[in-house]
Amino acid sequence: MFTMLWSRLFIPTLRENPAEAEVISHQLLLRGGYIRQLGAGIYNYLYLAQRSLLKVQAIVREEMDAIGAQEFYLPALNPAEVWQESGRYDVMGDNMFRLKDRFGRPLCLGMTHEEVMTSVARGEIRSYKQLPQIWYQIQTKFRDEPRPKSGLLRVRQFIMKDSYSFDLAPEGLDVSYEKHRIAYCRIFDRCGLEYVAVEAHSGAMGGSQSQEFMVATNAGEDYVVSCKQTGYAANLEKAVSRPVPPAAPDDAAALEPAEVHTPDQKTIDEVSAFLKVHPTAIMKSLVLIADGKPFLAVLRGDHQLSETKFQTATGCQEFRPAHPEEARELLGANVGSLGPIGIKNMPVLIDEALKGRKNLVCGANKDDYHLINATPGEDFEGAWHDLRQVAEGDTEITTGAPLEVRKCVEIGHIFKLGYKYSHSMGLNVLDHSGAEVPVIMGSYGIGIERVLCAAVELFSDANGMSLPVSIAPFEVVLTPVKIADASLREAGDKLYADLKAAGVDVLYDDRELSPGVKFKDADLVGIPFRVNIGKKLASGMLELVNRRTKEMVEIPAAEAVDYIKKAICAARPTSSH
RNA sequence: CGGGGCGUAGCGCAGUCUGGUAGCGCACCUGCCUUGGGCGCAGGGGGUCGCCAGUUCAAAUCUGGCCGCCCCGACCA
């Protein structure tokens with residue numbers, strides 16, 4: 001049967017870029033006829049996208065099944081009660097889509113499925129003998145993103161593989177977590193991605209360990225700090241580093257703080273220029289209101305406060321910079337002249353990069369005045385924390401090797417949840433001794449569309465996308481240069497049938513178009529191999545073109561199936577994990 | 001939610017300032033021609049100019065309101 005005829009398929013390619021598309025994957029998926037937008041952050045996945053996404057899902061299934069995970073399918077439509085039990089009905093706020101049924105009962109659309117999975121488990125799992133379990137599903141998730149953007153990268157409805165592990169004890173969780181880590185490496189390897197697994201911030205949700213799988217691309221919204229030499233990699237939120245050393249050595253003498261008049265010098269740069277002191281010898285003092293209480297954070301002048309690290313240090317749920325009036329009321333001076341000396345009415349947090357520093361400049365808590373010769377730990381006290389965000393130019397913390405900061409997109413996340421849901425929702429089992437104990441859980445996600453987007457972002461050129469053979473909608477496209485030519489058509493028909501019979505995923509471009517159009521289309525939609533059937537057929541030869549390398553080899557028509565199968569096989573990404 | 005931009009044929013755009021016949025390229029349909037990188041020629045179809053109200057003899061164009069989409073920011077288990 002001739003089913004995969006390009007002339008019969010709906011592949012609406014566009015010659016021009018739709019105006020709304022900014023990032024590469026968005027542009028190419030639209031132009032390639034993979035997707036069409038229905039609304040902000042809501043997309044139709046057309047035939048090519050669906051084929052690709054199904055291939056991603058098939059790989060995910062194989063690898064999840066391989067670690068003994070069991071596939072479920074849970075509702076996306078959830079009664080509010082389940083989420084109220086865990087407390088996340090409130091925590092999720094506006095990010096959750098909410099609705100009411102005809103009787104006015106509150107429902108919501110699932111953003112993730114910890115609650116539902118836990119509710120299944122607690123009804124049925126009563127004994128340690130039933131543990132461990134790993135359950136997963138591939139399901140549509142809904143998030144009312146404040147700002148959907150970047151095509152399929154940040155959307156309001158998307159497909160996620162999410163799995164959950166249930167173990168009796170932390171050691172068991174370690175095993176389940178490690179199984180997932182390896183499965184994820186295998187999945188992303190097989191999808192042909194270049195990625196890095198990084199330490200991630202576990203959030204305020206009580207997790208102990210978590211890793212994100214990141215793909216470097218300018219379309220990403222996360223920042224990853226990594227070191228080529230040591231292999232260190234971490235989310236910027238959590239990354240640690242050795243800062244760039246101070247521009248000049250500190251004055252080693254034991255000096256007392258002294259006021260200097262600094263009229264209208266408010267920012268670090270202004271003070272630096274006015275006093276002719278490098279920003280690395282100035283301390284910046286930030287007043288922050290965390291969970292309603294004030295804190296003073298002190299950092300080196302050229303450093304940035306890491307919001308996540310501050311949150312971790314204070315254990316607060318939320319925080320914001322103090323309003324100028326609040327700062328004035330608390331410290332007696334306007335923003336721009338604030339400093340840590342003499343502060344009694346709030347905790348002072350000092351960044352570790354200031355450890356051992358002497359005789360620095362800071363605000364005097366008196367308008368238009370700064371202090372010189374201020375020494376942290378002597379002239380003022382505080383709790384030492386790592387508060388600083390890693391900056392360009394910093395080096396690896398133990399070796400001093402160079403670090404780089406790259407924009408990345410998160411394609412997967414593995415997470416040790418701990419007991420959060422077991423406690424809040426009452427998931428307990430009896431252990432060996434007959435005592436009731438809570439189950440320890442893990443949660444593990446993969447953004448299916450993001451895998452496709454990441455592949456497009458990683459592998460494209462001026463002509464279009466160049467998808468890995470494992471997730472491309474077709475493995476090979478057959479292109480008779482002139483379909484009206486009976487001999488070319490016959491050869492094409494035969495090769496199509498033979499490839500089909502050999503299990504090759506082949507698309508037959510039988511359209512009566514000029515070769516240029518067909519070549520351009522094939523390149524645009526990113527099919528890894530193209531077989532040209534043209535003039536050389538007279539001497540029994542075809543051409544096999546590699547989309548990514550643009551390499552072309554002549555192959556004998558009589559043995560074409562073997563050659564093509566070998567090429568596909570050689571190009572298929574594998575995993576060594 | 002704050003800032004900016006856009007909304008005219010399937011796609012990309014002009015026309016809006018200065019009110020008066022709705023246009024261009026690509027795509028699409030028909031015929032001929034052509035077939036190795038988005039052919040050529042000829043003919044043709046397709047639009048409540050985002051929506052509603054107002055001003056006017058007359059509104060794509062001016063005024064007011066609303067809606068939608070994109071970008072920056074805030075936000076992001």
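For A:Gln37, a side-chain nitrogen or oxygen approaches OP1 or OP2 of B:C70 to under 4.0 Å. Remark: A:Arg15 is in phosphate contact with B:A27, judged by side-chain N or O atoms under 4.0 Å from OP1 or OP2.
Under the Watson-Crick or G-U wobble criterion, with both distances below 3.5 Å, B:G37 has no partner in any strand shown. Judged by Watson-Crick or G-U wobble contacts below 3.5 Å, the nucleotide B:C62 has B:G54 as its partner. In this entry B:G7 has B:C67 as its Watson-Crick or G-U wobble partner, both defining distances falling under 3.5 Å. Using Watson-Crick or G-U wobble geometry with both donor-acceptor distances under 3.5 Å, B:U21 finds no partner in any strand shown. Of all nucleotides present, none satisfies the Watson-Crick or G-U wobble test against B:U48 with each distance under 3.5 Å. Remark: B:A42 base-pairs with B:U30; criterion is Watson-Crick or G-U wobble with both hydrogen-bond distances under 3.5 Å. If you check B:G73 for Watson-Crick or wobble pairing at under 3.5 angstrom, you find it paired to B:C1.
Between B:C75 and B:A9, the two P atoms lie 38 Å apart (nearest whole Å). Between B:U35 and B:U16, the two C1' atoms lie 45 Å apart (nearest whole Å). One C1' atom belongs to B:G31, the other to B:G45, and the distance between them is 15 Å to the nearest Å. Atom name P, nucleotides B:C66 and B:C72: the rounded distance is 26 Å, in whole Å. Annotation: B:G20 and B:A58 have their P atoms spaced 14 Å apart (nearest Å). Remark: the separation of the C1' atoms in B:G19 and B:G3 is 32 Å, to the nearest Å. The separation of B:C11 from B:G47, taken at their C1' atoms, amounts to 15 Å, rounded to a whole angstrom. Taking atom P on both nucleotides, B:A27 is separated from B:G38 by 12 Å, rounded to a whole Å.
When heavy atoms are screened at a 4.0 angstrom cut-off, A:Gly39 is found touching the sugar-phosphate backbone but no base atom. Using a 4.0 Å heavy-atom distance criterion, A:Ser150 is classed as a sugar-phosphate-only contact. No engagement by A:Met96 is indicated, since no non-hydrogen atom pair under 4.0 Å with the nucleic acid exists. Looking at heavy-atom distances under 4.0 Å, A:Lys518 makes no contact with the nucleic acid at all. Using a 4.0 Å heavy-atom cutoff across all strands shown, A:Ile483 reaches no nucleic acid atom at all. The residue A:Thr112 sits apart from the nucleic acid: no heavy atom pair falls under 4.0 Å. Within 4.0 Å of A:Arg511, counting heavy atoms only, lies no atom of the nucleic acid at all. Contacts of A:Asp94 with the nucleic acid, taken as non-hydrogen atoms under 4.0 Å apart, are absent. Across all strands, A:Arg36 comes closer than 4.0 Å to no nucleic acid atom at all (heavy-atom distances).
Summary of the strand contacts: A:Glu221 and A:His26 both lie near RNA chain B, and taking for each the nucleotide with the nearest heavy atom, the more 5' one is attributed to A:His26. When the nearest nucleotides of RNA chain B are assigned to A:Glu543 and A:Glu114 by heavy-atom distance, the more 5′-ward of the two goes with A:Glu543.
The salt bridge (Lys or Arg N to Asp or Glu O under 4.0 Å) contacts involving residues 208-221 of chain A comprise A:Lys149-A:Glu221, A:Arg154-A:Glu221, where partners must be two or more places apart or lie in separate chains.
Comparing B:C72, B:G37, B:C75 against the side chain of A:Pro146 picks out B:C75 as the nearest. Taking only side-chain atoms of A:Tyr43, from C-beta outward, the nucleotide of B:C70, B:G38, B:U35 with the closest atom is B:C70.
A cation-pi arrangement is present between A:Arg51 and A:Phe474 under the rule of less than 6.0 angstrom and at most 45 degrees off the ring axis.
The base of B:G37 sits within donor-acceptor range of the side chain of A:Arg530, with an N or O pair under 3.5 Å.
Remark: A:Arg8 CZ is loosely packed, at most 12 non-hydrogen atoms of other residues, nucleotides or ligands lying under 6.0 Å away. Few gaps surround CD on A:Glu326; more than 12 heavy atoms of other groups in view lie less than 6.0 Å from it.
Taking the six-membered ring where tryptophan is involved, the planes of A:Phe2 and A:Tyr496 are essentially parallel, since the angle between them stays under 30° and well short of 60°. A:His180 and A:Tyr184 have perpendicular rings, their planes meeting at more than 60° on a 0 to 90° scale where under 30° would count as parallel.
A:Asp144 has its CG atom 12 Å from the C1' atom of B:C76, to the nearest Å.
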**Asked** Given the rule in the side chain to side chain donor-acceptor pair (under 3.5 Å) test, do A:Arg88 and A:Tyr421 qualify, once you have shown the distances and angles that lead to the verdict?
**Response** CA-CA 10 Å; A:Arg88 290 209 298 175; A:Tyr421 297 91; 3.0 Å; yes
Every protein N/O within reach of nucleotides 7-12 of chain B N/O, cut-off under 3.5 Å:
| residue | atom | partner | partner atom | Å |
| --- | --- | --- | --- | --- |
| B:G12 | OP1 | A:Ala19 | N | 2.7 |

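Checking side-chain atoms of A:Arg388 against main-chain N and O of A:Ser306 turns up no donor-acceptor pair under 3.5 Å. With A:Glu63 contributing its side chain and A:Ala183 its backbone, the two residues share no donor-acceptor pair below 3.5 Å.
The pair A:Asp461-A:Arg548 fails the salt-bridge criterion, with no side-chain N (NZ, NE, NH1 or NH2) lying under 4.0 Å from an Asp/Glu carboxylate O.
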